[in-house]
Protein chains: 2
Amino acid sequence: MKLEREMMRGAGPTAVMHLLSGDEMYGYEIVERLASQSAGVFEMGQSTLYPMLYNLEGKGLVKSREKKGDNGRKRRYYRLTAKGCRKLEADRKQWTSLIDGLSALGVTRVSNPVSCLS
Amino acid sequence: MKLEREMMRGAGPTAVMHLLSGDEMYGYEIVERLASQSAGVFEMGQSTLYPMLYNLEGKGLVKSREKKGDNGRKRRYYRLTAKGCRKLEADRKQWTSLIDGLSALGVTRVSNPVSCLS
DNA sequence: ACCTTTTGCTATGCCATACATAGTATGCGT
DNA sequence: ACGCATACTATGTATGGCATAGCAAAAGGT
């Protein structure tokens, strides 16, 4: 199930930074991997990812370099900076907190008595 | 732990609608309850909540009416509409999906080998 | 040889929305 | 009378997802 806009806002950058915490990666690859490794949840277009990467780089959370890929084509590879790594840690905590909050409110409770008449 | 801006974007309206699915409630009360019932996670100011309520009402997800409260003061009470109830159900699914996605990527995995040097 | 598809990046602009800030008004305690 | 908690309204700014568009190189088919 694809995520709607406003949720992607919170989760997108975290997901990207998490991916980059494992390995150096280029844009197109990130789009593909995010979609496949999350079963479509983090499916996003290039027009979403690239500006996001520029944004993260502007904040010093990721860093990029040009490099010739396996197929001979020029690619821009991104990797997480130390600052980005710390930000990722903070985000993890935020997510844990958010999930706890939703649970405390009962939003994600499975058997919820709410019934939508009509 | 208070939620940061971009996460509140996705979760705020869902949390509010969830609260209203139980009972009719007025703005000030919502702010108080959200903060206390979520252990501070969904702490938000009035300047965040009221525009959010106007927004939700504009979309037909909640409906309001003026009513004198217990203390004699005029208050604006909000309740969830049928449409809002269906939207809430959809949001629940989105959250479940998102949490699954984060889990699939390993973002929320407790023992994560990422270490931020420096 | 030519064309289409896939891969890969860049740029611009719209729109939604969290939140800061500011202003208004009522009831209660002292 | 004064301050404080309660309760709502209005405005402006900053952020960032995503649509749209364009460019270009490599791969594969016919």
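Chain letters run A, B, ... following the sequence lines, proteins first, then strands; residues in each count from 1.
- Note: CE (Met52(B)) to P (dC19(C)) measures 7 Å, nearest angstrom.
- Closest to the side chain of Tyr28(A), from the set dC19(C), dT7(C), dA11(C), is dT7(C).
- A salt bridge does not link Glu43(A) to Lys2(A): none of the charged nitrogens lies less than 4.0 Å from a carboxylate oxygen.
- For Tyr54(A), a side-chain nitrogen or oxygen approaches OP1 or OP2 of dT10(C) to under 4.0 Å.
- Nucleotide dG8(C) holds its C1' atom 16 Å from the CZ atom of Arg33(A), rounded to whole Å.
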Decide yes or no on salt bridge (charged side-chain N to carboxylate O under 4.0 Å, His left out) for Glu29(B) and Arg33(B), but give the supporting numbers first. CA-CA 6 Å; Glu29(B) 187 183 6; Arg33(B) 286 224 210 173; 2.8 Å; yes
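- Geometric assessment of Arg75(A) against the ring of Tyr26(A) yields a positive cation-pi assignment under the 6.0 Å and 45° thresholds.
- Residue Glu66(A) contributes atom CD, which lies 12 Å from atom C1' of dT10(C) at whole-angstrom precision.
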Assess the residue pair Glu6(B) and Arg9(A) against the criterion (salt bridge (charged side-chain N to carboxylate O under 4.0 Å, His left out)); give the C-alpha distance rounded to whole Å, side-chain angles, the decisive distance to 0.1 Å, and a yes or no. CA-CA 6 Å; Glu6(B) 300 305 329; Arg9(A) 255 174 128 122; 3.0 Å; yes
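- Nearest-nucleotide positions on DNA chain D for Gln46(A) and Asn55(A) put Asn55(A) closer to the 5' end.
- A donor-acceptor pair under 3.5 Å links the side-chain atoms of Arg92(B) to the main chain of Val107(A), judged by distance alone.
- Here Arg76(A) lies in heavy-atom contact (under 4.0 Å) with sugar-phosphate atoms only.
- One atom, OH of Tyr50(A), and another, C1' of dC9(C), lie 5 Å apart when rounded to the nearest Å.
- Here the OG1 atom belonging to Thr81(A) is positioned 8.5 Å from the NZ atom belonging to Lys63(A), to the nearest 0.5 angstrom.
- The CZ atom of Arg65(A) sits 16 Å away from the P atom of dG8(C) (whole-angstrom rounding).
- One finds the CG atom of Leu34(A) at 11.0 Å from the OG1 atom of Thr48(A) (value rounded to the nearest 0.5 Å).
- By the rule that hydrophobic residues join a cluster once side-chain heavy atoms approach within less than 4.5 Å of another member, Met1(B) and Val31(B) end up as members of separate clusters.
- Relative to the side chain of Lys59(B), the nucleotides dT17(C), dC19(C), dT10(C) differ in distance, and dT17(C) lies closest.
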Nucleotide N/O to protein N/O under 3.5 Å, stretch nucleotides 24-30 of chain C:
unit_1  : atom_1 : unit_2   : atom_2 : d
dT26(C) : O2     : Arg73(B) : NH1    : 2.5

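- The CD-C1' distance, from Glu57(A) to dT10(C), rounds to 13 Å in whole Å.
- Between the P atom of dC9(C) and the CG atom of Leu49(A) lies a distance of 9 Å, rounded to the nearest Å.
- Linking ILVMFWY side-chain heavy atoms closer than 4.5 Å, directly or via other members, places Ile99(B) and Met17(B) in two distinct hydrophobic clusters.
- Rounded to an integer number of Å, the gap from Glu29(A) CD to dC9(C) C1' is 15 Å.
- Judged by closest nucleotide on DNA chain C, Gly27(A) is the one of Arg9(A) and Gly27(A) placed further toward the 5' end.
- Across all strands shown, Arg75(A) has heavy atoms under 4.0 Å from sugar-phosphate atoms exclusively, and none from any base.
- Checked for salt-bridge contact, Glu4(A) and Lys87(B) meet the test: a charged N lies under 4.0 Å from a carboxylate O.
- Contacts between chain A and DNA chain D, taken as any atom within less than 4.0 angstrom of a protein heavy atom, begin and end at dT15(D) to dA26(D).
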